[in-house]
Amino acid sequence: MPERYKPLRFSNAGMRGLKVSATLSLNDRVREMWETGQDVYHLGFGESRFPVHPKISEALKKNAHQRSYLPALGILELRETIARFYEQKFQLKVSPERVVVGPGSKSLLYALTLALGEEIILPRPSWVTYAPQAHLIGKPITWVPTFPEENFILNIDTLQECMAQSQQELGNPELLIINSPNNPTGTMMPPEKIEELADFAREQGLMVISDEIYALIAHGKIPHTSIAQYYPEGSIILGGLSKHMSLGGWRFGVAILPPGRAGKALRDALQTIASSIWSCVAAPIQYAAIVAYSNDPDIDEYITLCTRIHAIRTRYLYNTLVELGVPCVEPTGAFYVFPSFKKWEKALAARGVHNNEDLAIYLLDKYHLATLPGTAFNCASNSFCLRLSSSYIDAGTDEKATKLIEAYKANPNPTTFIDQHHPRLKEVAARLAEFVHELNQ
Ligand SMILES: Cc1ncc(COP(=O)(O)O)c(C=O)c1O
């Protein structure tokens, strides 16, 4: 009997328009290479790789017996603990009612995008997930370009121009998403720029979702500042344990809502969405998260240590690119660099490389370097931008990451640390040098 297949009818325009992303096809190619025994230097993963802190894994084990549904937006003890954490770490006065937890900040972002506004303003480039979420929900996007000459910082004049344009074409965009420290550029918004943006947002009545998932991975040059410090009534902070605690797979995210009536209304909306979709964050994870957010000095020290290591490794990638003459904005947070190879456009075209994806594939096929094309972050396809992440190389397993921590504690000198403990990162630098040498010929 032949198999009878009735093609699926997808429900809305968002689902019908879905394509397999460039990122996924690149990952498939990497997997194929791995399966055939080829060595790939993976600069594509944006995942912090350090082991689970023992106090947190202990707390999870102790709470494995917790099996009941919990309140949709989080248990009170956890929300109180998170409120104290934000006060101690970021000098923000937050009451526990303003704290909401969810299964990863990505889910909370989706719920917020669903709940708020009719149109969304997004900087370009920005993290891969924002645009597809808006697309799934069916909300139009107003794109605001940011420029390497301005460290990819949102420029208020450009923002205003783009908003005016979209008011003519679409309507009135009311929701802006910002992200500092930034994925994919690794840059941070300095406090004065945040203050300026806060004033503008207040004037325009914009609600701002401030994705601060990398807040504790600031390299030390620019202090992390939350827009909620200047514009509490119109800001929602997103955070979680995925980055500074390397707990992406635990799926734990936080949103800090505005005070007052706006916050209360949002809380009610999130309560409805959360209880209709995910019910609550897994009970054992909620209890373990209390320990993760407890301002415990050992855990604080661990966060600082991991951040310093991220900073050294990311800076090494940046220095390598700059020494090779590859234009790249200086990273000040997270673990990404975002160089552009556009100045070699002709040399690249001669090799059949005409856009960002071609470039990523070329580097993968010829040099076994896996990167992400700038297009994944909504950059123009001829910008020849790539995102390189330092998080995976030489730290692929718990054992390797633990060795790095021990080595850093024994000698934190960045040069020695890279030289003696990063054979693969050094090999990445050598391959990038070979590539640039090829283009220069
Ligand atoms: C900018 C940004 N926001 C949010 C997330 C996702 O965080 P979560 O694991 O809390 O969903 C990531 C992860 O890559 C990210 O880069």
Side-chain angles (χ1 to χ4, degrees), residues 21 23-24 27 42-50 52 56 74 78 82 85 99-114 120 122-134 136 146 152 154 176-189 208-218 224 226-227 236-256 270 273-274 277-278 281-282 285-286 288-289 292-293 306-307 310 314 331-338 371-372 374 376-379 387-392:
S21 72
T23 322
L24 286 182
N27 277 337
H42 215 313
L43 300 154
F45 288 135
E47 183 180 355
S48 183
R49 304 285 308 186
F50 295 106
V52 184
I56 304 177
L78 171 60
I82 294 173
F85 183 88
V99 179
V100 162
V101 305
S105 64
K106 197 184 261 191
S107 314
L108 290 168
L109 176 70
Y110 187 84
L112 289 162
T113 308
L114 188 64
I120 290 168
L122 284 182
R124 188 198 298 278
S126 55
W127 181 44
V128 280
T129 294
Y130 304 135
Q133 285 199 353
L136 281 173
T146 60
F152 295 107
L154 201 58
L176 167 69
I177 303 183
I178 58 171
N179 169 221
S180 174
N182 188 269
N183 179 6
T185 64
T187 57
M188 291 175 67
M189 281 182 86
V208 181
I209 295 182
S210 180
D211 183 345
E212 301 178 18
I213 193 91
Y214 296 97
L216 290 171
I217 313 187
H224 171 74
S226 176
I227 190 162
I236 302 161
I237 305 173
L238 287 179
L241 294 175
S242 298
K243 306 298 174 181
H244 66 269
M245 286 306 351
S246 308
L247 289 173
W250 282 26
R251 308 310 301 128
F252 186 85
V254 170
I256 309 289
L270 290 178
I273 297 170
I277 304 181
W278 59 77
V281 170
I285 298 285
Q286 290 206 35
Y293 279 99
C306 297
T307 294
H310 281 310
T314 309
T332 46
F335 27 75
Y336 307 113
V337 287
F338 198 62
T371 59
L372 288 186
F377 306 92
N378 279 288
C379 278
R387 191 199 74 176
L388 277 53
S389 165
S390 68
S391 62
Y392 183 75

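All heavy atoms count here, side chains included; hydrogens, waters and symmetry mates do not. Counting starts at 1 for both ligands and their atoms, following the listed order.
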Can you give the donor-acceptor pairs under 3.5 Å from side chains of residues 243-256 to other protein atoms, not counting sequence neighbours?
from, atom 1, to, atom 2, distance (Å)
K243, NZ, G46, O, 3.0
K243, NZ, Y214, OH, 3.4
S246, OG, S48, OG, 2.8
S246, OG, F50, N, 3.3
R251, NH1, G248, O, 3.0

For residues 102-109, which side-chain N or O atoms pair as donor and acceptor with protein atoms under 3.5 Å away, sequence neighbours left out?
from, atom 1, to, atom 2, distance (Å)
S107, OG, P103, O, 2.7

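Between L372 and F377, the closest side-chain pair of non-hydrogen atoms falls below 4.5 Å.
S210 contributes no side-chain N or O that, together with a main-chain N or O of I178, makes up a donor-acceptor pair within less than 3.5 Å.
Ring planes of H42 and F45: parallel class, angle under 30° (limits at 30 and 60°).
Protein residues are said to neighbour a ligand when one of their heavy atoms lies under 4.0 Å from it; for ligand 1 these are G104, S105, K106, W127, Y130, N179, N183, D211, I213, Y214, S242, K243, R251.
Residues meeting the salt bridge (Lys or Arg N to Asp or Glu O under 4.0 Å) test with R124, sequence neighbours left out: none.
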